[in-house]
Number of protein chains: 2
Amino acid sequence: MDIKRTIDDIDHKILQILQEKSRIPNAEVARQVGMAPSAVLERIRKLEDRQIIQGYEVRLNPHPFNQGLMAFVLVTVQSASRADLATLLTQVTGVQDVHQVAGEDGYLLKLRVADNAELGRVLADEICSLAGVLQTKTNIVLNTIKETRKLDLNRYSS
Amino acid sequence: MDIKRTIDDIDHKILQILQEKSRIPNAEVARQVGMAPSAVLERIRKLEDRQIIQGYEVRLNPHPFNQGLMAFVLVTVQSASRADLATLLTQVTGVQDVHQVAGEDGYLLKLRVADNAELGRVLADEICSLAGVLQTKTNIVLNTIKETRKLDLNRYSS
DNA sequence: TCGAGGGAATGAATGATATTCTTTAACTAT
DNA sequence: ATAGTTAAAGAATATCATTCATTCCCTCGA
């Protein structure tokens, strides 16, 4: 048996509830799991301490903020490109995610901009002009069928 | 002047606070914006009603749930492929996002699995066997430099 | 088998918070 | 002006967060 704490059924249920709506009173979570609020509070604290819970976010509608167009850009770079290129890419207009990809000497960006005109401008003026960038391949998202950060909690194993 | 409600500076500040940590007492938000809690509550309610706030999420560490490997898969399909293919793709093991992409007759998937072995199994057994799928191109994420759902609130315009 | 120790749940107490309602103020359009 | 609209403040009360002491249960070691 491992000394390391595990995620038991109650933790599991708490995480499920928070995945549905994280901004919910602690007392309501306690009601749903059938325990005292103090016990639930302690469990949530521990999940935060153990970095199983990493934060709480709000999901906003991108349209009022003129970020209705989503695009993915695969940026291929010189193998000797500058070390801080990744950081520079995070600062490009509209960039939400920067992932370093294996086997490509490159980065995959997810970005949100207003429209195609702005996307073109960002690609030409901001990304392609960075030192070390060789080429970009862009996929414009027509329609998002699913977009979630939820994990499959049932995949837990101690 | 537009009758439609706008997002003013106070709404803006409230959204900023919630983007940092959505699970925060309303009274604390009120303190930070310098207003009565009742007024802040009313504003948040309205932002929810107007669908500017679409939900509140918890960000979990993927490792305890055996989803430490992230990959993007561009799925190319027959132009006459079945209409519900997108829905089927959302049900594939580990798939977090499904985006329909323009100009490709295809979908871009983001998925989280345990390791390369599982990724191979999912690609071979689940994705490629779907009717209409022609080919897949997979990018394995080595390292994520930035991953956020935060929007640039300053891009608001009425 | 027994008891010590650790970990976790409960329940009570209290101080803080959410929520509702009323009043007031500012702004709009007629 | 004046009625209508919108939002903020303030008060009141119901609910909640947080702490603490206590109890319970499990595990380990003698």
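Order of the sequence lines fixes the chain letters, A, B, ..., with proteins taken first and strands second; residue numbering starts at 1 for each chain. These figures come from a predicted structure and were not determined experimentally.
- Each end of the helix from C:dT1-D:dA30 to C:dT30-D:dA1 gets its own rotation axis from five pairs of C1' atoms, and the angle between them is 30° to the nearest 10 degrees.
- Cluster note: A:Leu41 groups with no other residue, as no ILVMFWY side-chain heavy atom lies under 4.5 Å from it.
- You'll find that the side chain of B:Ser38 is closest to C:dT19, out of D:dT18, C:dT19, C:dA8.
- Summarising the geometry, the separation between CZ on B:Arg45 and C1' on C:dC21 is reported as 14 Å, rounded to the nearest angstrom.
- The side chain of A:Ala39 lies closest to C:dT10, out of D:dA7, C:dT20, C:dT10.
- Distance A:Asp11 CG to C:dA9 C1': 13 Å, rounded to the nearest Å.
- With sequence neighbours excluded, the residues forming a side chain to side chain contact (heavy atoms under 4.5 Å, CB included) with A:Ile24 are A:Ile17, A:Leu18, A:Glu28, A:Val29, A:Gln32, B:Arg23, listed by chain and number.
- Taking 4.0 Å as the cut-off between side-chain N and carboxylate O, A:Asp8 and A:Arg43 count as a salt-bridged pair.
- Near-neighbour residues of DNA chain C inside residues 19-37 of chain A, defined by a heavy atom below 4.0 Å, number-ordered: A:Met35, A:Ala36.
- Residue pairs meeting the salt bridge (Lys or Arg N to Asp or Glu O under 4.0 Å) criterion with at least one member in residues 62-82 of chain B, sequence neighbours excluded, are B:Arg82-B:Asp84.
- Here B:Thr136 pairs with nothing under the side-chain hydrogen bond (donor to acceptor under 3.5 Å, both in side chains) rule; sequence neighbours left out.
- Protein atom CG of A:Leu41 is 14 Å distant from nucleotide atom P of D:dC16, rounded to whole Å.
- Contact annotation: B:Lys46 reaches the phosphate of D:dA7 (side-chain N/O to OP1 or OP2, under 4.0 Å).
- Here D:dA7 presents its P atom at 11 Å from CG of B:Leu47, a figure rounded to the nearest Å.
- Within the structure, salt bridge (Lys or Arg N to Asp or Glu O under 4.0 Å) pairs that include any residue of residues 122-142 of chain B comprise A:Glu104-B:Lys137, B:Arg121-B:Glu126 (at least two apart or interchain).
- Between the CG atom of B:Asp8 and the P atom of D:dA7 there is a distance of 9 Å, given to the nearest Å.
- Applying the 4.5 Å side-chain rule to ILVMFWY residues, one finds A:Met70, A:Phe72, A:Leu74, A:Val101, A:Leu108, A:Val141, B:Met70, B:Phe72, B:Leu74, B:Leu108, B:Val141 in the same cluster as B:Val101.
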Give the table of side-chain donor-acceptor pairs shorter than 3.5 Å for residues 59-69 of chain A, with sequence neighbours excluded, one pair per line with atom names and distance.
| residue | atom | partner | partner atom | Å |
| --- | --- | --- | --- | --- |
| A:Arg59 | NH1 | B:Glu57 | OE2 | 2.5 |
| A:Arg59 | NH2 | B:Gln54 | O | 3.0 |
| A:Asn61 | OD1 | A:His63 | N | 3.0 |
| A:Asn61 | ND2 | B:Gln51 | O | 3.3 |
| A:Asn66 | ND2 | B:Arg155 | O | 2.9 |
| A:Asn66 | ND2 | B:Ser157 | OG | 3.0 |
| A:Gln67 | OE1 | B:Asp152 | N | 3.4 |

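- Separating the CD atom of A:Glu42 from the C1' atom of C:dT10 is a distance of 11 Å, rounded to the nearest angstrom.
- The separation between A:Asp9 atom CG and C:dA8 atom P is 15 Å, rounded to whole Å.
- Distance A:Ile44 CD1 to D:dA17 C1': 11 Å, rounded to the nearest Å.
- Note that CG of A:Leu134 is 5.0 Å distant from CD of A:Gln78, once rounded to the nearest 0.5 Å.
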